[in-house]
There are 2 protein chains.
Amino acid sequence: MGKRKYAVGVDFGTESGRAVLVDVTTGREVATSVYRYKNGVIDEFLPGSRIRLEPDWALQDPEDYIRTFQRTVPAVIRESGVVPADVIGVGIDFTACTMLPALSDGTPLCTLPAYCKNPHAWVKLWKHHAAQPEADQINATGRRLGEGWLDRYGGKISSEWFFSKVLQILDEAPEIYAAADRLIEAADWVIWQLTGEETRNSCTAGYKAMWSKREGFPKDSFFAALDPRLERVIDQKMSRMIRPIGDRAGGLSPQAAKWTGLQEGTAVAIANVDAHVSVPAATVTEPGRMVMIMGTSICHMVLGDRQRTVEGMCGVVEDGIIPGLFGFEAGQSGVGDIFAWFVQAAVPPDYHTAARKRKIDLHKALELEAARLRPGESGLLALDWWNGNRSVLVDVDLTGMLLGATLATKAPEIYRALIEATAFGTRVIVEAFDRNGVAVDELVACGGLPEKNKLLMQIYADVTGREIKVTASKQTPALGSAMFGAVAAGGAAGGYDTVFEAAQRMAHLKNEVFRPNPAHQTTYERLYGEYLTLHDYFGRGANEVMKRLKLIKAQVLAQTS
Amino acid sequence: MGKRKYAVGVDFGTESGRAVLVDVTTGREVATSVYRYKNGVIDEFLPGSRIRLEPDWALQDPEDYIRTFQRTVPAVIRESGVVPADVIGVGIDFTACTMLPALSDGTPLCTLPAYCKNPHAWVKLWKHHAAQPEADQINATGRRLGEGWLDRYGGKISSEWFFSKVLQILDEAPEIYAAADRLIEAADWVIWQLTGEETRNSCTAGYKAMWSKREGFPKDSFFAALDPRLERVIDQKMSRMIRPIGDRAGGLSPQAAKWTGLQEGTAVAIANVDAHVSVPAATVTEPGRMVMIMGTSICHMVLGDRQRTVEGMCGVVEDGIIPGLFGFEAGQSGVGDIFAWFVQAAVPPDYHTAARKRKIDLHKALELEAARLRPGESGLLALDWWNGNRSVLVDVDLTGMLLGATLATKAPEIYRALIEATAFGTRVIVEAFDRNGVAVDELVACGGLPEKNKLLMQIYADVTGREIKVTASKQTPALGSAMFGAVAAGGAAGGYDTVFEAAQRMAHLKNEVFRPNPAHQTTYERLYGEYLTLHDYFGRGANEVMKRLKLIKAQVLAQTS
C-alpha cells in the first residue's frame with residue numbers, strides 16, 4: 001500500500017454530510033460514509049425548545065458539522081483499511097450561502113446560553129428565504145447608487161445571499177449582530193474548526209457576498225447607505241483577505257486530528273461550494289464546456305478567460321471555480337422538483353398501478369411512455385417556471401404554464417412537455433452565454449437526473465444541439481473536495497500542484513455520450529421558437545399576468561376570511 | 001281521470017331515446033321510459049358487417065328511432081295507467097344536425113340491400129366530424145361570393161351542419177347522393193314516420209341548413225359554385241316549405257298508432273331540437289333571460305325581437321325557438337367534458353382514495369375541496385379550450401391552457417380554475433350578446449351540471465354578475481317536446497293554443513337561486529380582465545401558437561416514423 005496516497009473530501013449537504021476517501025492517483029472512490037444531521041433542517045422549532053420559527057426560515061446546527069467530521073472520516077479510514085499517514089489532504093464543500101454569527105474564537109453564538117434561544121444566533125441555511133425584504137432593499141439601494149457590482153450578478157442579488165441574511169439579523173436582532181465578532185460562511189467556519197485558522201474562500205465571497213478579486217467588496221459607503229450600523233461590517237466582522245480556491249488553508253489541528261483520526265498537520269484546502277467544486281470533478285478546467293448539476297434544480301457553470309456581462313446569470317467570479325479563470329454561474333430554480341410535483345400532484349391512479357405492477361418507479365414508467373412520443377407529437381408546450389425563473393429572467397414571481405391541452409391529453413405527454421420546457425430553459429441560458437462571448441460548445445452533466453432519466457438527457461441534447469457527457473462519479477462534490485485536498489497537499493507530498501493536474505488524473509467521464517438527433521432538432525427548433533415567444537411575452541413585461549395573479553393571491557390570503 | 005289531459009314528449013339523444021308522459025295542466029312528469037339504441041353510435045363498423053368506418057365518423061341506425069317509439073311510448077302509457085284517449089298530443093326533439101338520405105316515400109337508403117353496405121347511406125349523427133374539408137369549402141365559397149347568411153352564423157358554419165354532410169356524400173359517394181330522393185334531418189324524418197307526411201321544421205333548417213324565414217335557403221347559384229351537381233339540391237331533395245316550430249305536423253298514422261299504442265290522429269307537433277325545445281321548458285318565452293343547457297358542453301340560447309349580428313354566435317333564427325321571436329344560439333364546446341378529462345387524466349390517487357372512503361364521487365370530493373378556496377386564492381388561471389372554442393372565437397384549433405402553477409399547486413385548485421375558466425367563457429358570450437343589443441339580464445340553467453355542482457353554479461353567478469335559476473325538470477328536452485305536443489293539440493282539445501300559454505302552465509323553476517356574491521365579484525372582475533387579455537392574445541391572432549402546435553403535431557404524425 002506504501003506508495004498509494006489518498007485524499008478525503010467532505011461534502012456538507014442540506015440534510016447530511018458525506019465523506020469520501022479517494023485514491024489520489026486514479027480518482028477511485030475507495031470508501032464513503034454519510035452522517036445524517038441530528039438536527040437536520042431546522043424550520044419549525046429551535047432544537048430542544050418550543051421556540052417556533054416563522055415561515056420561510058431554515059436553520060442548521062453547527063454541531064452537526066463537527067459530528068460529520070467525527071463520524072464520517074474515521075468510518076472511511078476504517079472501511080478502506082488505509083493508514084492515516086497515507087491520507088495527504090482534506091477538502092470540503094458546502095451549501096452556500098449558509099452562514100452564521102460567531103465569536104472571535106469561532107464559537108457559534110447559538111452554542112452560548114445567552115443567545116441560543118434567539119433564532120438569529122443559529123446557522124442560516126442556503127434556503128432560508130425570510131430575507132426577501134432585505135434583498136429587495138439591497139437591490140434598490142444598489143441600483144440607486146449605480147453600483148457596478150450589480151452587473152456581475154445579472155442585475156439582481158438573491159434573498160439567499162450573504163448580506164441579505166446579515167441585514168435581516170441587523171433588522172430583527174441587533175443584539176445578535178452586535179454580539180457577533182464574526183459573520184462567516186459555514187464553509188469557512190468548518191475549515192477554521194479543522195485548522196484553527198480563520199480563512200475566507202473566493203468562491204462564496206464572490207458568488208454570495210458581492211466580492212471580486214479586482215474590486216473587493218462593495219464600498220463602506222454602500223453598506224452605510226443600507227444602514228449606518230453596517231458601514232464597517234467588512235472590517236469589523238468579516239475579512240478582506242479572500243483566498244483563492246485551490247490554496248492550502250492550513251494543517252489539521254490537534255483537536256481536528258482527534259475528531260477525524262487523521263494525522264495532525266494533514267493539509268486542508270480552502271473551503272469550496274458543492275456546485276462549484278463539481279466542475280473540476282466533472283473534468284472541466286477550461287473554457288467551452290458547461291457543467292450542469294442536474295437535480296431538483298440545475299446549476300450551470302462555465303469558465304471564461306475574461307469577465308463578461310451575461311443577462312440574468314447568477315454571478316461571475318474570478319478564481320471562483322478554477323484559479324486563474326472567471327467562473328460563470330447560472331441556474332434553473334425548478335427542474336427535478338417540477339417532475340416530482342407532477343408525479344405527486346397530477347398523475348392518475350392507472351399509471352401508479354401500472355408502475356407498481358412492472359416494479360418500476362412512476363418516473364421511470366412515465367419516461368418509458370414519454371419516450372415513445374416523437375417531438376411535437378403531444379401538441380403541448382410548457383413554461384418551466386413552477387419555482388420561478390432564476391436565469392435569465394431572475395424572477396421568483398413567474399409561474400408555470402401548460403398550453404395545448406385537449407380532451408385527449410395524457411400524463412406521459414405532459415411529463416414529456418415538462419422535460420422539454422426545462423430543456424428549453426437550459427437552452428436560453430446556454431445561448432445567453434454564447435451570445436455574450438462565453439462559449440458553450442459541449443455540456444457535461446452530473447447529479448441525480450442524468451443517472452435516472454435517459455430520455456431527459458437525449459431531449460437536452462436535441463434541444464440544445466450540443467453533445468452531453470456524464471461524469472463517472474455519482475458524488476462529484478465530495479470527489480471535487482478530495483481533489484482540492486490533494487492540491488492543498490501539493491505534488492511533493494504525493495498530491496498535485498494544480499487543480500488542472502488533479503482533474504486530469506482524478507476526474508473521469510462515462511463513455512456514454514448523448515448526441516443531438518438531427519430529425520428531433522428540426523422539430524425542437526420550431527418548438528423552441530414558440531417557447532421563446534411565450535418566455536418573453538410572460539417574462540419580459542408584455543403581460544405580467546403571473547405577477548398579478550400572485551398579487552391577487554396575496555391580497556386574498558391577507559384578508560380575514 | 002276524465003278531465004286530465006296528457007301529452008307525450010320523445011327526446012332522441014345520442015345513445016338512447018326517452019319518452020315522458022306529462023300532465024298538460026300542471027307539467028307534472030307522470031311517467032318516463034328510456035330505450036337504449038340497439039346500434040348506439042356507429043363509429044367503428046357498420047352494424048352486422050366488417051365494413052370499417054374512417055376516423056371522425058359517427059352514424060346511427062334509423063330503425064333505432066322506430067324502436068324508440070315502439071318501446072317507450074307504450075311503456076309510459078302502461079306505467080301511468082293513462083288511457084290513450086287522454087293523450088292529446090305528441091312532440092319530439094332530436095340531436096341536430098343528424099341527417100339521412102331517403103327515398104321519396106321516406107325509406108332510408110341504409111335499409112335497402114343495394115345501399116346498406118355504403119356508410120354514406122346511413123344516418124350521419126351530429127358528431128360525425130369527417131366533413132371538415134366540406135365545411136371549409138362552404139365557408140371559403142361563402143366568403144368569396146359575399147354571402148349575407150354568413151353573418152347569421154357568426155361568420156362560419158360547422159362541419160357538423162347539414163350541407164357539410166351533404167357535400168361529403170356528394171364528394172365521396174355520388175351514387176348515394178344520386179339515389180337519395182330526399183336529404184332530411186332525422187328530426188323531420190321521425191315526424192314523417194309518425195304522420196305519414198313529410199314536413200321540415202324551422203329550427204334545424206335555420207340553425208343547421210342556413211335557411212331564414214325572410215331569405216330562404218342560400219341561392220341555387222351558391223350551391224352551384226360549391227358543385228354544379230348541387231345546384232338544385234333544395235328543390236330536388238329538400239323542401240322550401242319550412243314550418244315554424246309550434247305548428248301541428250299532422251295526426252298519428254294508423255301504423256304509428258300501432259307502434260305507440262296511442263290513438264290514430266293524435267296531434268303531432270313539428271319536429272324540434274333538444275337544446276332549443278328546452279328553452280320554453282325552462283320557462284323562457286321572452287327576451288332577456290338566457291337559457292344555458294349545461295352538460296359536457298354548454299348551449300346558450302336567448303330570444304330577441306330583432307335580428308342582430310353577434311360575434312361568434314352559432315346562429316340566429318326567426319321562429320327558431322319560439323314562434324315570432326328571433327332565437328339566438330351560442331355555445332362552449334367543452335365544459336363538463338373538461339372536468340371529466342381532469343378527473344380521469346390528472347387527479348392523483350390520494351383524492352380517489354379519499355373520495356371512495358367518503359363514498360362520494362371524485363367530482364363531488366374535488367368540488368368540496370375547491371369550495372373552501374376563495375376566488376384568486378389558487379393563483380391559477382385557465383383558458384377553457386380543451387375542446388376548442390365554439391363562441392365567440394369559433395375555432396376548433398384552439399387548445400387548453402393553465403397558467404400560474406407552482407410546486408404547491410394541488411388538484412382542487414386546478415379543478416376550481418377549470419370551472420372558473422368555463423365561467424369566464426360564458427361571460428364572454430353573455431357580454432357579446434349584451435353589447436350587440438341582445439339583453440341577457442338573468443340566466444336559467446338546465447342539464448346535468450346544475451344538479452351536480454353547486455360550486456360551479458355559484459361561480460357562474462359570481463363571474464357573470466347575474467342571478468341564475470334552475471329548471472325544476474331534469475328532462476327539459478322531453479318536457480319541452482310534450483309542451484309542443486300540447487300546443488299541436490290546441491286549446492280546444494285540452495292543450496294550448498300557444499307555446500307561451502304552455503310554458504306558463506307546464507314549465508317550472510326550482511326555488512333555488514344562485515345570486516352573485518359582491519366580494520367574489522370584485523376578485524373575479526380582476527381575473528376576468530386577465531382571462532380576456534389571454535383570450536384575445538391566443539384567440540385573435542396575436543400569437544397563433546396553439547394552431548402552430550396543432551400543425552406541428554399533424555406534420556409529425558403524418559411522417560412515417
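All of these numbers come straight from a predicted model, not from anything done at the bench. Every chain is numbered from 1 and lettered A, B, ... according to where its sequence line falls, protein lines coming before strand lines.
In this structure, W341(A) and T406(B) approach most closely via the heavy-atom pair NE1-O, 3.5 Å. Taking each heavy atom of V556(A) and R374(B) in turn, the nearest pair found is O-NH1, 3.2 Å. For the residue pair Q344(A) and P348(B), the shortest heavy atom distance occurs at O-CB, 3.5 Å.
To the nearest 0.5 Å, atom CG of residue L381(B) and atom CG of residue L549(A) are 5.5 Å apart. We find the OG1-CD distance between T523(B) and Q559(A) to be 6.0 Å, quoted to the nearest 0.5 Å. Here the OG1-CG distance, from T399(B) to L380(A), works out to 8.0 Å after rounding to the nearest 0.5 Å. We find the CG-CG distance between L403(B) and L383(A) to be 8.0 Å, quoted to the nearest 0.5 Å.
For N543(B), the part lying near chain A is the side chain, with the backbone staying farther off; criterion is any non-hydrogen pair under 4.5 Å. Heavy atoms closer than 4.5 Å to chain B are found in the side chain of F538(A), but not in its backbone. Within the 4.5 angstrom heavy-atom criterion, no atom of T353(A) approaches chain B. Only the backbone of V347(B) comes within contact range of chain A, with heavy atoms under 4.5 Å apart.
Taking a 6.0 Å sphere around NZ of K364(B), one finds it holds more than 12 heavy atoms contributed by other residues, nucleotides or ligands. The local environment of NZ in K452(A) is sparse, with at most 12 non-hydrogen atoms from other residues, nucleotides or ligands closer than 6.0 Å.
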Query raised in the report: When you look at Q555(A) and E377(B), which way does the side chain to side chain contact (heavy atoms under 4.5 Å, CB included) test go after all the steps?
Result: CA-CA 9 Å; Q555(A) 291 171 339; E377(B) 184 174 339; over 6 Å; no

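Here E530(A) pairs with R548(B) in a salt bridge; the nearest charged N to carboxylate O distance falls below 4.0 Å.
Your options are I338(A), D337(A), T409(A), and the one with the most heavy-atom pairs under 4.5 Å with chain B is T409(A). Counting heavy-atom pairs closer than 4.5 Å to chain B, the top residue among V343(A), T533(A), I552(A) is I552(A).
A 4.5 Å side-chain heavy-atom check between H352(A) and H352(B) finds every atom pair outside the cut-off. Between L402(B) and M401(A) the shortest side-chain heavy-atom distance does not fall below 4.5 Å.
Under the 30°/60° scheme for interplanar angles, the aromatic rings of Y537(A) and Y537(B) are found to lie parallel.
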